[in-house]
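Because the structure is a prediction, the values reported are computed rather than measured.
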Amino acid sequence: MGEIEGSYRVLQTPGTRLGAQFNAGISTLEPGQSLSGNMVSGSKSHGRGLQIRVQGLDDSQEFFDIDPKALGQPLLTEVFHRGNLIESDYFGLEFQNMQMNWVWLEPTKPIMKQVRRPANTLFRLSVKFFPPDPGQLQEEYTRYLFSLQMKRDLMEGRLICTENTGALLASHLVQSEIGDYDDIADRDFLRMNKLLPYQEKVQERIMELHRRHLGQTPAESDFQILEIARKLEMYGVRFHPAADREGTKINLAVAHMGLQVFQGHTKINTFNWSKIRKLSFKRKRFLIKLHPEVHGPHQDTLEFMMASRDECKIFWKICVEYHSFFRLFDQPQPKSKAILFTRGSSFRYSGRTQKQLVEYVRENGAKRTPYQRFVFPYTRIYSLSERLVVFCNLSSTDSVVDSPQLSPFNSKGPLCLSPSFQMSTLSLPGQTPSPLQSPILSEVGSNARLEEEEEGRRKRFPTDKAYFIAKEILTTERTYLKDLEVITVWFRSAVIKDNAMPEGLMTLLFSNIDPIYEFHRGFLKELDQRLALWEGRSNAHVKGDYQRIGDVMLRNMCALKEFTSYLQKHDEVLTELEKATKRLKKLETVYKEFELQKVCYLPLNTFLLKPIQRLMHYKLILERLCKHYSPAHRDHDDCKEALKEVAEIATQLQSSLIRLENFQKLTELQRDLIGIENLTAPGREFIREGCLFKLTKKGLQQRMFFLFSDMLLYTSKGVTATNQFKVHGQLPLYGMIIEESENEWSVPHCFTIYSAQRTIVVAASSKVEMGKWIEDLNMAIDLAKKSQEKSSIFLDAELGDHSNRSSDEVSLEQESEDDMNSSRTSLEKQTHHRANTTMHVCWHRNTSVSMSDHSLAVENQLSGYLLRKFKNSNGWQKLWVVFTNFCLFFYKTHQDDFPLASLPLLGYTVSTPEESDSIHKEYVFKLQFKSHVYFFRAESEYTFERWMEVIKSAASTTGRMSLLIPKGGPMEINGN
């Protein structure tokens with residue numbers, strides 16, 4: 001295997017988190033000497049037993065009695081059973097062969113045929129298959145074992161990373177072992193435990209980083225370790241030395257996505273499974289046969305030379321197993337053996353695939369005995385080795401004091417160590433095996449189990465309304481910081497990669513937003529620490545009253561005033577960025593391509609408004625806190641002062657925010673409309689957008705209307721790849737008259753628009769919608785009349801020849817077949833558009849949205865964990881949910897960079913479940929649009945009311961009307 005894999009290093013750290021005693025695992029036998037003592041004599045006396053020594057991931061060792069003729073599978077089964085492993089297929093046993101390379105024990109071959117002297121061989125439990133996302137690991141115990149594998153890989157030099165990243169990983173490992181930062185405890189632990197090869201060099205950095213993890217539980221630490229590790233290029237990589245055709249030394253490795261080629265520690269190529277047609281080996285040559293379209297018909301086979309046939313075959317087998325585990329749905333069936341002749345290897349992967357494993361855990365995970373983890377707080381009474389973190393089998397009655405040999409392989413499961421305090425349930429997923437805490441997007445059952453977890457959670461969490469208001473600050477701050485990263489991290493990376501942005505604009509943009517981002521990173525950390533203390537999930541020995549948030553808010557709102565000058569420049573930033581994208585083709589291309597990325601889940605310039613909008617959020621939340629507290633409450637004065645500070649900044653920037661929101665909306669529409677130029681003309685204001693039905697020669701046809709302070713546009717849905725709207729008409733507001741005309745045309749909710757150029761008849765989908773349009777049109781017409789601005793540029797833009805049409809003639813334009821077809825496309829089929837902007841949602845939901853609705857939606861942004869259930873499903877899914885721009889965005893966890901799915905809320909009704917829904921839970925609300933029904937469950941009465949409030953603010957703009965046009969045709973309209 002290479003230099004690293006060829007030498008086995010015994011780790012010094014005992015498995016403290018499982019309570020294992022230290023066992024160095026170093027053999028003292030002389031060459032050729034057999035094992036002495038009871039172990040061997042017992043084995044010989046029985047004449048049939050074979051004792052196998054297995055080292056766990058925590059370095060504890062166990063002996064297993066195996067039949068000498070046994071295959072590898074019985075040993076694996078016994079190890080997994082004793083270790084209480086459910087997601088066992090991710091793991092395997094490895095041993096060193098005669099060449100001192102680590103190889104995997106094969107389940108289907110006799111142990112004696114794989115290992116020359118199994119009784120003298122050390123087997124070690126290791127992770128065999130590394131999934132790309134730790135969220136795919138559904139068991140907390142599995143994630144713990146994976147974190148131990150990362151610890152082993154760091155120490156053995158396999159997980160290559162920078163010293164700073166190594167120190168960060170080590171700090172999370174320290175947090176998971178001994179809890180919150182304590183200078184003496186940290187130094188003792190790092191002195192006794194080697195986590196990094198260069199640990200002495202970065203010890204102070206490890207301690208500095210550890211100080212920041214206040215309140216972080218072992219489960220959360222595991223998750224953080226895996227999140228950091230998975231982003232490293234060497235995550236899960238095991239080198240197999242080879243040489244290419246030119247004799248250049250390289251390393252081959254296999255991963256979930258395919259084969260990787262490294263030169264040194266630098267990855268130089270990846271061959272995805274989808275590109276590979278066949279893998280084979282011939283003697284020392286390893287062959288990769290690619291599909292012809294990958295490298296052309298003349299070079300479809302790549303050849304690599306390895307040290308020996310055995311090494312070639314070992315790597316080939318690992319590739320077969322990786323491909324089967326990650327790519328196949330079902331376990332591959334072995335081929336029937338030929339009676340006379342065989343050719344080539346008949347090796348097949350014999351375990352469950354990842355898909356089968358996920359389904360198995362989903363069905364059986366809730367049946368396992370639940371466990372929790374506890375951490376001893378550091379005191380001078382306990383020695384370092386006594387401060388254990390263990391997995392606690394809640395049903396076990398065994399005493400730790402009576403059982404000095406704690407081991408992950410205990411036949412009764414991990415034992416329980418009773419601490420002097422009770423751990424709190426984290427909001428972060430993956431802390432317990434409960435479906436409520438699972439970060440995976442999967443259906444789960446066991447309603448009784450959910451009840452128990454919910455009850456336990458409510459007992460542990462504070463119930464004061466102030467706590468949940470404070471928690472709203474924290475959850476929305478997390479989302480806000482992720483939104484800033486869209487600009488500071490992702491967009492910056494895109495423009496730097498292609499060198500697309502002028503240096504002056506780069507400086508203007510990032511010099512204004514970077515300081516804000518850095519400030520809020522610190523603010524978020526402070527909020528997280530305060531909530532940890534409030535919840536009681538920190539084991540720091542601190543005194544004082546931390547069940548308040550006013551002091552944190554006051555301190556940071558005062559500090560935020562220093563950034564007012566940066567916020568005032570956002571107007572200039574937005575304007576200059578828009579000018580540059582029009583002027584520079586390269587920047588425009590990068591801009592458009594970036595908006596197609598998943599991380600840019602809203603129009604890009606929307607994220608530039610977030611810093612000022614966030615001030616309004618602080619103001620509203622602090623107002624709620626001040627309203628909740630009595631004047632005598634200890635937190636009231638700080639909250640009131642913090643509100644005064646933020647209100648002062650918000651007042652200064654209010655006019656700027658209104659101007660920026662209008663400019664952002666106009667630029668967004670400019671990109672989505674074909675046939676209109678200079679939409680961002682000075683003085684123009686956006687008022688309303690929405691769907692109306694226009695009377696044409698073919699009857700009523702769906703049109704998208706856009707009302708501005710000086711004109712009315714109407715468009716149809718184009719058939720372009722980007723789903724843009726095509727402008728059909730452009731009417732000036734000056735001199736326009738609006739009249740209701742239901743009786744004249746016998747069409748419900750119908751009104752006529754008389755303009756200087758033409759007259760058109762339109763129908764709304766409901767009386768409420770018609771009222772909104774008529775009210776906004778009349779208001780805009782009055783403003784246009786008062787301004788006395790007759791602009792000559794607003795001439796008739798109707799497509800086709802309208803020169804012979806009189807001003808009072810009703811416009812009945814000819815519709816193309818493309819326009820008819822495009823009006824029937826569904827919201828779900830929009831694959832190429834950069835985001836589901838409100839215009840597309842209005843089109844498909846047959847409704848409208850005003851600028852005041854947009855402003856209200858900005859005020860009502862919300863995020864947090866919810867449980868989601870579909871209409872006909874049995875289980876609940878825990879999701880991180882973000883509400884913004886009239887839409888719910890769903891994530892697995894708050895740490896994810898982009899949403900997995902979204903749900904536009906325009907047109908939905910929100911209510912509490914009915915009796916017929918058979919939902920017998922607290923704090924559940926129901927979302928419905930036609931036959932689409934979703935149930936969401938909040939954690940408290942306050943969060944339930946907040947979600948109901950913000951969703952109503954989005955859904956109420958529709959008027960919840962029935963569709964105007966029934967299936968019978970455009971003219972078969974009734975008044976219902």
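In this model, a donor atom of one side chain and an acceptor atom of the other lie less than 3.5 Å apart for Y618 and E477. A donor and an acceptor atom, one from each side chain of D483 and Y601, are located under 3.5 Å apart. A donor-acceptor pair shorter than 3.5 Å can be found between the side chains of T479 and S863.
Taking the six-membered ring wherever Trp is involved, the centroid distance between the rings of H256 and F325 does not fall below 6.0 Å. For W843 and F725, the distance between ring centers is under 6.0 angstrom.
Ionic pairing of R238 and D153 is present here: one or more N-O contacts between side-chain nitrogen and carboxylate oxygen are shorter than 4.0 angstrom.
A heavy-atom distance below 4.5 Å is found between the side chains of Q861 and K610. Inter-residue side-chain proximity for P515 and E562 is flagged as unmet; no heavy-atom pair is nearer than 4.5 Å. Residues F898 and Q597 fail the side-chain proximity criterion, which asks for heavy atoms closer than 4.5 Å. Looking only at side-chain heavy atoms (C-beta outward), L169 and M150 stay at 4.5 Å or farther from each other. Counting heavy atoms from C-beta outward, L279 and I288 have side chains that approach closer than 4.5 Å. Counting heavy atoms from C-beta outward, Q895 and F223 have side chains that approach closer than 4.5 Å. With a 4.5 Å cut-off on side-chain heavy atoms, F686 and E661 do not count as touching. Residues L259 and F286 meet the side-chain proximity criterion, which asks for heavy atoms closer than 4.5 Å.
Across C600 and F594, no two heavy atoms sit closer than the pair CB-O, 3.5 Å. Between S147 and L173, the closest heavy-atom pair is O-CD2, 4.2 Å. Taking both residues in full, the closest heavy atoms of A167 and R205 are given as CB-CG, 3.7 Å, listed atom of the first, atom of the second, then distance. Taking each heavy atom of P904 and C887 in turn, the nearest pair found is N-SG, 3.6 Å. A pairwise comparison of heavy atoms in K128 and Y322 identifies O-OH, 2.9 Å as the closest pair. Considering all non-hydrogen atoms of both residues, T270 and K267 come closest at OG1-CD, 3.6 Å.
When the side-chain hydrogen bond (donor to acceptor under 3.5 Å, both in side chains) test is applied to K665, the partners found at least two apart in sequence or on another chain are E668, E689, T838. With sequence neighbours left out, Y90 forms a side-chain hydrogen bond (donor to acceptor under 3.5 Å, both in side chains) with Q354. Evaluation of the side-chain hydrogen bond (donor to acceptor under 3.5 Å, both in side chains) rule for N499 yields no partner, not counting sequence neighbours.
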